[in-house]
Structures are given as structure tokens and as C-alpha cells.
Protein chains: 2
Amino acid sequence: MLLSNSCEYGLRALMYLSAEEQEGYVSLRTISKRLDISFAFLGKIFQILNAVGLSTSQRGPSGGVALARDPATITLYEVVVALDGEDLFRECVLGLPGCGERQPCPMHREWAQQRDQLELLFRRATLAETARETREQNYRLTTLTNEDAPE
Amino acid sequence: MLLSNSCEYGLRALMYLSAEEQEGYVSLRTISKRLDISFAFLGKIFQILNAVGLSTSQRGPSGGVALARDPATITLYEVVVALDGEDLFRECVLGLPGCGERQPCPMHREWAQQRDQLELLFRRATLAETARETREQNYRLTTLTNEDAPE
DNA sequence: CGCATTTCGGATAATGAGGTCTTATTTTCA
DNA sequence: TGAAAATAAGACCTCATTATCCGAAATGCG
């Protein structure tokens with residue numbers, strides 16, 4: 001698996017927040033229901049996202065979570081690193097510590113190139129751009145296969 | 001992590017076997033020592049590799065494991081699929097089941113392209129080619145950082 | 001104030017990957 | 001035939017991730 005469950009959940013949740021373009025806070029309960037992610041686990045994930053300053057939260061009625069910064073400035077790379085660390089974009093594909101130009105493993109050159117492209121993919125993508133495309137193209141963030149008609 | 005520990009170990013072990021170009025069988029003990037991989041765990045991994053027909057084994061003195069086929073016909077892709085399955089090359093980066101052209105997630109198009117490149121990287125590389133480069137360029141398969149002088 | 005709503009945070013459980021240990025089985029060779 | 005060498009295979013342990021549960025703390029509102 002490329003990304004951990006936590007990271008997949010976190011990305012989807014922030015994309016959802018961004019695509020909603022709703023003023024104020026969105027409750028974890030709402031996100032949990034809409035994206036079919038465990039409520040309690042989502043709480044844990046947002047504790048991390050809050051801690052690194054990607055989101056903020058508000059307790060009490062009409063509380064919830066919200067993006068802490070302009071979504072145009074938040075890259076998916078930031079989110080991945082916050083939740084999974086940067087190993088994916090740094091480590092040897094064979095797990096050899098210290099693998100690099102000086103002491104390369106057999107896959108180093110090709111993997112390093114692939115790794116950089118992967119990093120670029122996540123660095124280029126912002127929450128704002130992702131949200132725009134999601135709204136325009138009706139991309140889905142949920143696990144449901146039927147069209148989710150607004151009630 | 002892109003590949004599981006098992007998969008990293010399996011790839012390194014098969015690359016080692018191929019690069020050794022030794023007639024007959026190589027004992028797990030030898031591979032374990034040379035690559036600094038747990039002996040018992042390596043045994044488990046070769047049970048899988050034997051089962052799928054990538055390697056064969058022989059018990060008793062002068063026994064061990066060996067490649068079951070011409071290394072020029074064994075791709076790294078085969079090894080990865082045997083040990084980690086093909087999810088990495090098939091699944092949605094956000095973990096959404098059924099994500100595809102029909103019901104894409106926001107990252108689908110870019111990820112699908114990246115995923116295909118990744119698959120190609122592993123499909124193009126054969127054990128024979130990897131072994132040749134490893135011998136010629138003195139690539140390393142071990143975790144040690146000092147040059148391993150032949151005794 | 002008092003109550004409902006909501007996140008916070010610690011404790012706890014479940015799961016699977018990673019790793020170890022032990023015994024059985026096969027093979028070679030003296 | 002017996003001992004040694006080697007893989008096979010099942011049982012078991014460990015740990016991080018994933019997930020759940022519950023009480024505490026904060027917030028808004030009548």
C-alpha cells in the first residue's frame with residue numbers, strides 16, 4: 001500500500017472540507033458520515049492535522065474542523081508528510097539505509113527518478129485545485145458506488 | 001512504505017542468487033549472513049517463492065535454494081506480485097474501491113499514470129539484467145556501508 | 001446557570017506484518 | 001546405519017497500525 005489508512009482518510013477529509021466551501025466549521029460527525037470513515041478514528045487524525053497547522057478545530061455547538069490556511073497554499077504533499085512522514089519520497093525501494101549516488105542499490109537510479117515524479121505529483125496538487133476539479137467533474141471522495149443525490 | 005519488508009528481502013535475495021551466478025544451490029544461511037536478513041524469516045519468504053515457481057530448494061548437505069528459471073525471464077514485477085500482490089499496481093491511491101475511469105477520485109488520472117510507470121519500471125527489469133549491472137557497477141544488496149571485501 | 005453539542009485525550013482492544021523457536025523431514029556422506 | 005546438514009512447517013511472540021470506548025473539557029444558547 002502506498003499510503004496508510006490514516007493518510008488516505010486525512011486526504012479525503014481535507015479534500016472534502018475544501019470542496020464543501022462552507023463557511024465556518026464542519027463537524028467530524030458530518031465528515032465521518034459523508035465519507036464513511038470511523039468517527040473516533042477521524043478525531044485522532046484531525047488531532048494530528050491540527051497539531052501541524054493544516055486544520056483548526058472548535059468545540060461546542062456549531063463547532064467542528066476547518067482548514068487553517070488558504071487551500072490554494074496546501075499541497076497534498078504536506079498532508080502526506082504530516083500523516084505518513086517523508087520516507088516514501090526519500091527511502092531506498094529495497095530498504096537499504098544509506099542508498100544513494102555514492103552507494104547505490106541495483107534499482108537506485110530508476111527508483112530515484114520515479115520517486116521524484118511521485119513527489120512532484122503530490123507537490124503540484126493543492127487542496128484548492130483538487131476541490132475545484134472535484135466540484136466541476138463530480139469526482140467522488142466516498143466509498144459508495146451509487147450517485148449520492150443531495151437530499 | 002512502497003514494498004513490504006518481505007518483498008524487499010525477497011527481491012534482494014533473488015538478486016543475490018542471480019548475481020552470484022553459482023552452479024547449484026546456495027544455502028539460506030549463506031544468503032542470510034551476506035544480506036543480513038533473519039535466517040528463519042528468509043526461510044518463510046522462500047517457501048512462497050518456491051510455491052509460485054520462482055525458486056526451487058534442495059534439502060540436506062549442499063542443499064539450499066536456486067532460481068527455478070532463466071533469470072533473463074524473471075521480472076522484478078513477478079517477484080513483487082508474488083510477495084505483495086498486485087494491489088500497488090491496481091488500487092486507488094485514496095483507497096476507494098471501484099475507483100476508475102467511470103467513477104474517478106480526484107487523483108485518479110494522475111495516479112493511474114504514475115502507477116503505470118511504476119509497473120513498467122518493475123516489468124522491464126529482469127533478474128539477469130539486474131545481476132549484470134550489479135556485478136559490473138558493484139551495486140550493493142547489503143545493509144553494510146563499508147566495502148565488503150571478498151575473504 | 002444548566003444543558004446539549006462537540007472536540008480532546010487517555011485507555012483499551014483487534015488486527016496483521018514481522019520475526020522467533022522448535023520439531024519434523026529430507027539428503028549426503030563417511 | 002548413523003550423524004550432520006539443510007529446508008519445511010507449524011506454533012508462538014512482538015509490535016505498530018487501526019479502531020473503539022469513555023470521561024473530561026470547552027462552547028453556545030436559552
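The chains referred to below are lettered A, B, ... by the order of the sequence lines, with proteins before strands, and numbering in each begins at 1.
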Round to a whole Å and report the spacing from [atom1] of [X] to [atom2] of [N].
X       : N      : atom1 : atom2 : result
A:Leu49 : C:dG9  : CG    : P     : 14 Å
B:Phe39 : C:dG19 : CZ    : C1'   : 14 Å
B:Ile48 : C:dA17 : CD1   : C1'   : 11 Å
A:Ile45 : C:dT7  : CD1   : P     : 14 Å
A:Ile37 : D:dT20 : CD1   : C1'   : 16 Å
A:Leu42 : D:dT18 : CG    : P     : 14 Å
B:Lys33 : D:dA5  : NZ    : P     : 12 Å
A:Glu8  : D:dT17 : CD    : C1'   : 13 Å

A side-chain contact here means heavy atoms from C-beta on lying under 4.5 Å apart; do A:Arg140 and B:Leu96 qualify?
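Side chain of A:Arg140 against side chain of B:Leu96, heavy atoms only: contact under 4.5 Å found.
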Taking only side-chain N and O atoms of [X], does any of them lie within less than 4.0 angstrom of OP1 or OP2 on [N]?
X       : N      : result
B:Asn50 : D:dA8  : yes
B:Tyr9  : C:dG18 : no
B:Ser6  : C:dG18 : yes
A:Ser38 : D:dT20 : yes
B:Tyr25 : D:dT7  : no
A:Ser57 : C:dC8  : yes

Under 3.5 Å donor-acceptor pair, B:Arg59 side-chain atoms to D:dT7 base atoms
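Answer yes: a donor N or O sits under 3.5 Å from an acceptor.
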Tell me, with the steps shown, if B:Leu3 and B:Leu88 meet side chain to side chain contact (heavy atoms under 4.5 Å, CB included).
CA-CA 9 Å; B:Leu3 305 176; B:Leu88 178 62; 4.2 Å; yes
A:Lys44 or A:Val26: which one's nearest nucleotide on DNA chain C is closer to the 5' end?
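It is A:Val26, whose closest nucleotide lies nearer the 5' terminus.
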Name the one of B:Gln117, B:Arg115, B:Arg123 that satisfies side-chain hydrogen bond (donor to acceptor under 3.5 Å, both in side chains) with B:Glu119?
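The single option meeting the side-chain hydrogen bond (donor to acceptor under 3.5 Å, both in side chains) with B:Glu119 is B:Arg123.
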Going by atom types alone, do B:His108 and B:Glu101 pair a side-chain donor with an acceptor below 3.5 Å?
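Present: a donor and an acceptor within the cut-off.
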Out of [options], whichever nucleotide has its closest atom nearest the side chain of [X]:
X       : options                : answer
A:Asn5  : D:dC21, C:dA24, D:dA19 : D:dA19
A:Gln47 : C:dC8, C:dT20, C:dA11  : C:dC8
B:Leu28 : D:dT7, C:dG19, C:dT27  : D:dT7
B:Phe41 : D:dA8, C:dG19, C:dT6   : C:dG19

Going by an N to O cut-off under 4.0 Å, is there a salt bridge joining A:Glu78 and A:Arg69?
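So A:Glu78 pairs with A:Arg69 through a salt bridge.
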Just say parallel, tilted or perpendicular for the rings of B:Tyr9 and B:Phe41, cut-offs at 30° and 60°.
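The rings of B:Tyr9 and B:Phe41 stand perpendicular, inter-plane angle above 60°.
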Toward the 5' end of DNA chain D, by each residue's nearest nucleotide, B:Gly43 or A:Gln58:
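This one resolves to B:Gly43.
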